[in-house]
Amino acid sequence: MKNLILASNNAHKVKEIKQILTGYNILTLKEVNFTEDIIEDGDSFEENALIKARTIAKYSGKAAIADDSGLSVDKLNGRPGVYSARYSPEQTDEKNIEKVLTELAGEQSKAKFVSVIAMVTPEGDEFTFRGECEGEIIFEKRGTNGFGYDPIFYVPELNKTFAEISSDEKNAISHRKKSLEKFAKFLKEQDNEN
């Protein structure tokens, strides 16, 4: 089994990535004794994912992967975007949701979750893989599963929010599943070449 260092300590992300990316031993920042804050000051999900992966590849001397993801709301011109986790001053799921709903002021909007997986090798090779999941914002929080904006992210095909479906159901259709599938395909191709 191959080791990959994941530039995250977010328990929800770590769990999802481990459930989707089987066949690899995923190590967290805690497991490689990395305790510093990584400043994510990029303008895109790709830039932020690369910033994290570069930092950890340099620190560890091993291949590092990072996920940067968030919610992009059409009527808010793509916001909260890269600021999804820190959209409100309080930076809590509850307050972030509140801010999005306040800004929409009752206006319906399509939205999408975006996930970008970046991998940086010790040699400095960089790769990114993007996945998106389309949906819309609803104004009543529904469901208790998931995290972040899941209770207001409604998927019409399922007639449910992300917070109303099981983690297995979410992992079958999510933005992170799509980016990780592209990444896993890339890893398999690399393994076949070596």
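In this text the structure is predicted, and so the values were computed from the model without any measurement.
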Could you give me the CA-CA distance, side-chain angles and deciding distance for Glu40 and Glu47, then say whether side chain to side chain contact (heavy atoms under 4.5 Å, CB included) is met?
-> CA-CA 8 Å; Glu40 300 172 45; Glu47 283 179 41; over 6 Å; no
Please assess Ile152 against Thr161 for the test side chain to side chain contact (heavy atoms under 4.5 Å, CB included), listing each intermediate value before the final yes or no.
-> CA-CA 6 Å; Ile152 61 166; Thr161 68; over 6 Å; no
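No donor-acceptor distance shorter than 3.5 angstrom exists from the side chain of Asn145 to the backbone of Glu164, with no hydrogens or angles considered. A side-chain donor-acceptor contact under 3.5 Å links Asn48 to the backbone of Gly42. Under the 3.5 Å distance criterion, the side-chain polar atoms of Ser174 are left unmatched by any main-chain donor or acceptor of Asn171. Listed for the Glu169 side chain is no donor-acceptor partner under 3.5 Å among the backbone atoms of Ile165. Remark: the backbone N or O of Ala49 is not paired with any side-chain donor or acceptor of Asp68 at under 3.5 angstrom. Looking at Ser109, its side chain never comes within 3.5 Å of a backbone N or O of Ile137 through a donor-acceptor pair. Listed for the Lys178 side chain is a donor-acceptor partner under 3.5 Å among the backbone atoms of Glu132.
Summarising the geometry, atom NZ belonging to Lys99 is positioned 12.5 Å from atom NZ belonging to Lys95; distances are rounded to the nearest 0.5 Å. To the nearest 0.5 Å, the span separating CZ on Phe34 from CG on Leu27 amounts to 14.5 Å. We find the CD1-NZ distance between Ile17 and Lys15 to be 13.5 Å, quoted to the nearest 0.5 Å. Atoms CG and CD, on Asn9 and Glu31 in that order, are 9.0 Å from each other to the nearest 0.5 Å. From Leu6, atom CG reaches atom NZ of Lys30 across 14.5 Å, with rounding to the nearest 0.5 Å. A distance of 6.5 Å separates CG in Leu4 from CG in Leu21, rounded to the nearest 0.5 Å.
Side-chain contact between Lys141 and Ile97: present, with at least one pair of heavy atoms (C-beta onward) separated by less than 4.5 Å. Residues Ile5 and Asn3 have side chains not in contact (no heavy-atom distance under 4.5 Å, counting atoms from C-beta outward). Residues Val114 and His175 are not in side-chain contact: their nearest non-hydrogen atoms beyond the backbone lie 4.5 Å or more apart. The closest side-chain heavy-atom distance from Asp150 to Lys170 is below 4.5 Å. Looking at heavy atoms from C-beta onward, Val82 lies out of side-chain contact with Asp43 at the 4.5 angstrom threshold. Within the 4.5 Å cutoff, the side chain of Glu140 has heavy atoms near those of the Arg142 side chain. A heavy-atom distance below 4.5 Å is found between the side chains of Pro80 and Val100. Two residues are said to be in side-chain contact when any heavy atoms from C-beta on lie closer than 4.5 Å; Phe186 and Gln190 meet this criterion.
Nearest heavy atom pair, residue Ser72 against residue Gly78, reads OG-CA, 3.4 Å. The minimum heavy-atom distance between Ala57 and Ala64, with the atom names listed, is N-CB, 3.6 Å. Residues Ala53 and Ala118 come closest through the heavy atom pair CB-O, 4.0 Å. For the pair Ser179 and Gly131, the tightest heavy-atom approach, listed with the atom from each and the gap, is CB-N, 3.5 Å. Nearest heavy atom pair, residue Pro151 against residue Ile138, reads O-CD1, 4.1 Å.
Salt bridge Asp74/Lys112: absent, no basic N to carboxylate O contact under 4.0 Å. Taking 4.0 Å as the cut-off between side-chain N and carboxylate O, Lys110 and Glu134 do not count as a salt-bridged pair. Ionic pairing of Glu46 and Arg130 is present here: one or more N-O contacts between side-chain nitrogen and carboxylate oxygen are shorter than 4.0 angstrom. Salt-bridge formation is not detected for the pair Glu16/Lys177: no Lys NZ or Arg NE/NH1/NH2 atom is positioned less than 4.0 Å from an Asp or Glu carboxylate oxygen.
There is no path of hydrophobic side-chain contacts, each under 4.5 Å, that joins Ile51 to Ile65. Under a hydrophobic-cluster definition in which Ile, Leu, Val, Met, Phe, Trp and Tyr are linked whenever side-chain heavy atoms come within less than 4.5 Å, directly or via other members, Val116 and Ile173 are assigned to the same cluster. The cluster map of Ile, Leu, Val, Met, Phe, Trp and Tyr, joined by side-chain heavy atoms under 4.5 Å apart, puts Met119 and Ile56 in different clusters. Val14 and Phe162 end up in different hydrophobic clusters when Ile, Leu, Val, Met, Phe, Trp and Tyr side chains are linked at under 4.5 Å. Grouping the Ile, Leu, Val, Met, Phe, Trp and Tyr side chains by contacts below 4.5 angstrom, directly or via other members, places Phe45 apart from Phe127.
Asn159 and Tyr154 are linked by a side-chain donor-acceptor pair at a separation below 3.5 angstrom, with hydrogens and angles left out of the test. Side-chain polar atoms of Glu123 and Thr121 form a donor-acceptor pair below 3.5 angstrom. With 3.5 Å as the limit, one finds a donor-acceptor pair spanning the side chains of Asp67 and Ser115. If you check the side chains of Arg79 and Tyr87, you find a donor sitting under 3.5 Å from an acceptor. Checked by atom type, the side-chain pair Gln91/Tyr83 shows no donor-acceptor distance below 3.5 Å. Of the N and O atoms on the side chains of Ser69 and Arg176, at least one donor lies less than 3.5 Å from an acceptor on the other residue.
Under the 6.0 Å distance and 45° angle rule, Lys2 does not count as a cation-pi partner of Tyr24.
With a 6.0 Å radius and a threshold of 12 heavy atoms from other residues, nucleotides or ligands, Lys18 has its NZ atom above the threshold. Atom NZ of Lys62 has 12 or fewer heavy atoms from other residues, nucleotides or ligands within 6.0 Å. Applying the 6.0 Å contact sphere to CD of Glu90 captures more than 12 heavy atoms from other residues, nucleotides or ligands.
The salt bridge (Lys or Arg N to Asp or Glu O under 4.0 Å) test with Lys75 singles out one residue from Glu107, Glu103, Glu136, and that residue is Glu107.
Grouping Ile, Leu, Val, Met, Phe, Trp and Tyr by side-chain contacts under 4.5 Å, direct or through others, puts Val120 with Leu50.
Ring-plane geometry between Phe153 and Phe113 is classed as tilted, the angle between the planes lying from 30 to 60 degrees on a 0 to 90 degree scale.
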